[in-house]
Amino acid sequence: MIAGNSEVARLLRELADLSKLDDGAAQSFRVRAYEKAVDAVLNLPGPVADMTAAELQTVAGIGKSTAGKIREYVDTGSMARLEALREQYPRELVELTRIPGIGPKTVLLLRDVLAVNSVEELRVAIDAERVRELPGMGKLREQKIAAAIERLGLHGKDKRTPIIQVLPMAVHLVETLGALHEVRHIEYCGSLRRFRETIGDIDILVAASDPAPVMDAFVDQASVREVLGRGDTKSSVLTDAGLQVDLRVVTPSQYGAALLYFTGSKEHNIALRQRAINRGLLLNEYALSDAESGAVVASRTEKAVYEALDLRYIVPEMREGTGEIAAAEEGSLPRPVDAGDIRGDLHVHSTWSGDGRSSLEDMIAAVAARGLEYVAITEHGEDLAINGLSRAKVAAEAFALEDLRLQYPELTILHGSELNIGRDGELDYDDEYLLGFDWCVASVHSHFDLAMADQTARLVRVMENPAVNVIGHLIGRRIGKRPGIEIDVDVVLEAAAVTGTAIEINSHLDRLDAPPEILRRARDIPDVRFVISTDAHHTSELGNVEWGVRLARRGWVDKRRIVNTWNRERFLKWARVGRR
DNA sequence: GCCGTTTTCGGCCCGACTGTTTTCAGTCG
């Protein structure tokens with residue numbers, strides 16, 4: 001078995017975690033070096049197992065020691081240093097660090113003085129009121145730790161929640177607090193603003209004239225189960241849903257610097273601050289300022305801070321510390337897409353599909369009201385047992401669309417279909433019949449468990465069908481529920497480029513598919529085109545296009561490669577509508 | 001442990017909150 005990049009990264013991650021205990025510091029330079037190495041390995045263009053120690057050392061963030069450890073693991077299947085640390089710090093002991101409020105120092109203290117080596121033993125020690133007697137501890141801390149253990153299942157440090165559950169809560173919070181008259185600006189930040197698919201906690205940033213009333217309103221909300229912390233400018237609560245929410249209040253003039261800081265990622269912030277230092281500046285959550293005089297250089301907007309650091313603005317979705325700063329410096333950032341750039345929706349259902357929930361008439365009216373230039377109605381193909389359309393229904397819907405075209409002369413309405421990709425890449429209907437549609441999306445709705453080679457083959461075969469314009473929700477995942485099919489990404493993207501088949505960027509928060517890692521891989525294959533679609537089954541879902549737009553940004557997709565940002569004429573020509 | 005347009009040694013992002021300390025350590029983001 002050859003060691004894959006993600007496997008090596010996982011081991012380095014474990015090395016970092018164990019080193020936190022060994023060094024007695026979560027932020028020791030050695031720990032941070034390992035953490036950097038994790039990112040470096042994950043961002044390698046090729047297999048880590050193919051690289052020599054010397055080649056590994058040329059990678060930024062990997063030095064002699066880490067290169068040696070990686071080679072050792074690839075060659076022998078184990079890493080002596082890691083084995084020794086595992087021996088010294090058993091898994092039960094490491095578990096203790098998952099308790100919020102307990103870091104490496106406390107773990108070592110518990111072990112050395114009280115012989116506590118597991119969560120269970122800690123519980124016993126707390127019951128015996130022995131933890132409070134430790135130096136630096138006390139009754140209150142003991143009680144806090146006890147409470148933290150009780151809710152460990154709800155929100156341990158590493159618990160993450162699918163974005164579809166978190167985003168609506170965050171939006172609600174922003175609306176509620178935003179209504180206070182003290183609030184000048186408000187935004188959710190953190191991994192949610194970066195649009196990660198799972199979220200640890202909600203971070204809200206407020207610019208306000210007076211922080212106190214905002215803090216009061218925040219901790220007094222009905223959904224707050226427990227106040228975890230409460231300061232003048234920063235508070236944390238735990239909601240009924242078991243989600244932690246952090247609120248930070250700054251003055252309006254500090255808002256840009258604070259947004260930057262609170263949005264992260266940690267790696268992005270560290271890189272920006274390092275860049276500031278190199279320019280004789282200091283960057284914190286309040287401002288970018290002169291290191292000597294303290295004079296503020298920029299603080300009001302994020303853009304101003306980037307500019308003062310000689311960088312183009314970097315959208316939040318790209319701030320993961322994976323090369324975006326270098327790209328911003330050399331001007332090679334992809335051109336980011338905005339919701340306003342989208343001119344058509346090319347994956348829309350109506351009640352003609354069994355699972356559609358808005359009528360065709362309502363859907364078209366809602367699309368027209370959004371000011372789109374073109375739309376493809378794509379009901380399910382007949383192979384999707386309950387939800388699909390027979391040929392008779394396809395013909396009947398075509399008739400209904402003719403009527404709607406007369407009602408909405410400004411809107412180009414394409415008669416499409418969402419086809420089902422069969423076990424071996426076969427499709428609903430026959431090839432001749434398929435060419436009668438204006439637009440075909442082909443999607444995987446079954447056989448999720450096939451081997452990677454089989455999944456890749458069925459996708460490639462479908463892309464070779466001239467009727468197919470785009471592959472819908474590429475891997476078929478449901479975030480937090482279903483992992484999606486395994487595919488050979490490079491082979492699939494190459495086939496997409498060769499056959500001219502676009503890759504869908506599905507806007508549904510439950511899907512966010514193709515995933516950003518796959519989208520980003522397409523950077524090196526310039527002929528791949530993309531379509532941002534809502535896959536709406538109800539008129540209320542047409543607005544989801546905003547999520548697809550943000551997914552595209554996260555995947556470093558350049559706006560110019562997204563075909564539904566093109567004007568009607570250019571798009572129709574590319575799609576060969578009416579010429580098949 | 002990593003790294004170098006002042007450096008192969010001596011740096012490495014920055015600050016709020018809590019609980020315990022009467023000046024700070026630990027944790028977190």
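The shown structure was predicted, so the numbers you read here are calculated from the model rather than taken from an experiment. By convention in this document, chain letters (A, B, ...) are assigned in the order of the sequence lines, proteins followed by strands, and residues within each chain are numbered from 1.
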- Would Asp310(A) and Arg275(A) count as a salt bridge (Lys or Arg N to Asp or Glu O under 4.0 Å) if you check the C-alpha gap in whole Å, the side-chain angles of each, and the deciding distance to 0.1 Å? CA-CA 10 Å; Asp310(A) 306 317; Arg275(A) 193 176 174 86; 5.0 Å; no
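- We find that CZ of Arg248(A) is positioned 17 Å from P of dC28(B), with the value rounded to whole Å.
- Taking the six-membered ring where tryptophan is involved, the planes of Trp547(A) and Phe195(A) are essentially parallel, since the angle between them stays under 30° and well short of 60°.
- Of the residues in residues 297-311 of chain A, none lies under 4.0 Å from DNA chain B by heavy-atom distance.
- The nearest whole Å value for the distance from the CD1 atom in Ile99(A) to the C1' atom in dC28(B) is 15 Å.
- No engagement by Lys20(A) is indicated, since no non-hydrogen atom pair under 4.0 Å with the nucleic acid exists.
- Remark: C1' of dA16(B) and CD of Gln254(A) are 13 Å apart, rounded to the nearest angstrom.
- For the residue pair Arg520(A) / Thr322(A), a side-chain donor-acceptor distance below 3.5 Å is found, with atom types taken as modelled.
- A distance of about 23 Å separates the P atoms of dT5(B) and dG1(B), rounded to the whole Å.
- Using atom C1' as the reference point in both dT20(B) and dG26(B), the two lie 11 Å apart (nearest Å).
- If you take atom P in dC28(B) and the same atom in dT22(B), they sit 24 Å apart, rounded to whole Å.
- A straight line from CD1 of Ile70(A) to P of dG1(B) spans 13 Å, rounded to a whole angstrom.
- dC12(B) and dT7(B): their C1' atoms are spaced 13 Å apart (whole Å).
- Between the side chains of Glu330(A) and Ser332(A), a donor-acceptor pair is found at a separation under 3.5 Å.
- Note: CG (Asp23(A)) to C1' (dA25(B)) measures 17 Å, nearest angstrom.
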- Going 5' to 3' through nucleotides 2-14 of chain B and flagging B where a protein heavy-atom sits under 4.0 Å of the base, S where only the sugar-phosphate is that close, and - otherwise, we get SS--------BBB
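- Comparing dG29(B) with dC13(B), their C1' atoms sit 12 Å apart, to the nearest whole Å.
- The residue from His473(A), Arg482(A), Lys481(A) that alone fulfils the side-chain hydrogen bond (donor to acceptor under 3.5 Å, both in side chains) condition with Asp510(A) is Lys481(A).
- For Arg319(A) and dG29(B), the CZ to C1' distance is 16 Å, given to the nearest whole Å.
- Counting non-hydrogen atoms under 4.0 angstrom, Pro104(A) reaches the backbone sugars and phosphates but no base.
- For dT8(B) and dC2(B), the C1' atoms lie 12 Å apart once the distance is rounded to whole Å.
- dT21(B) and dT27(B) have their C1' atoms separated by 16 Å, with the value rounded to a whole Å.
- Using a 4.0 Å cut-off between a side-chain N of Lys or Arg and a carboxylate O of Asp or Glu, Asp17(A) and Lys20(A) qualify as a salt bridge.
- Phosphate proximity of dT27(B) to Thr106(A): present, with a side-chain N or O under 4.0 Å from OP1 or OP2.
- In this structure, the separation between CG on Leu283(A) and CG on Leu288(A) is 5.5 Å, given to the nearest 0.5 Å.
- Separating the CD atom of Glu72(A) from the P atom of dG1(B) is a distance of 13 Å, rounded to the nearest angstrom.
- Applying the 90° criterion around 0 to the glycosidic angle, dT22(B) comes out anti.
- A donor-acceptor contact closer than 3.5 angstrom is absent between the side chains of Arg30(A) and Ser19(A).
- Spacing between dG10(B) and dT23(B) at atom P, rounded to whole Å, works out to 32 Å.
- Heavy-atom neighbours of Glu83(A) CD from other residues, nucleotides or ligands within 6.0 Å: above the threshold of 12.
- No side-chain N or O of Glu541(A) forms a donor-acceptor pair with one of His508(A) less than 3.5 Å apart.
- dT8(B): no Watson-Crick or G-U partner with both key distances under 3.5 Å is found in any strand.
- Among the heavy atoms of the strands lying under 4.0 Å from Ile102(A) are primed sugar atoms or P, OP1, OP2 only; no base atom is included.
- Place Gly103(A) and Tyr286(A) on DNA chain B by their nearest nucleotides, and Tyr286(A) ends up nearer the 5' end.
- Between Arg130(A) and Glu133(A) there is no salt bridge, since no side-chain nitrogen of the basic residue lies less than 4.0 Å from a carboxylate oxygen of the acidic one.
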- Query: Taking protein heavy atoms under 4.0 Å as touching, what does nucleotides 17-22 of chain B look like 5' to 3' if B marks base contact, S marks sugar-phosphate-only contact and - marks none?
  - Reply: SSSS--
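- Only one option out of Arg160(A), Arg477(A), Arg511(A) pairs with Glu197(A) in a side-chain hydrogen bond (donor to acceptor under 3.5 Å, both in side chains); it is Arg477(A).
- In the displayed structure, Asp232(A) atom CG is contacted under 6.0 Å by at most 12 heavy atoms of other residues, nucleotides or ligands.
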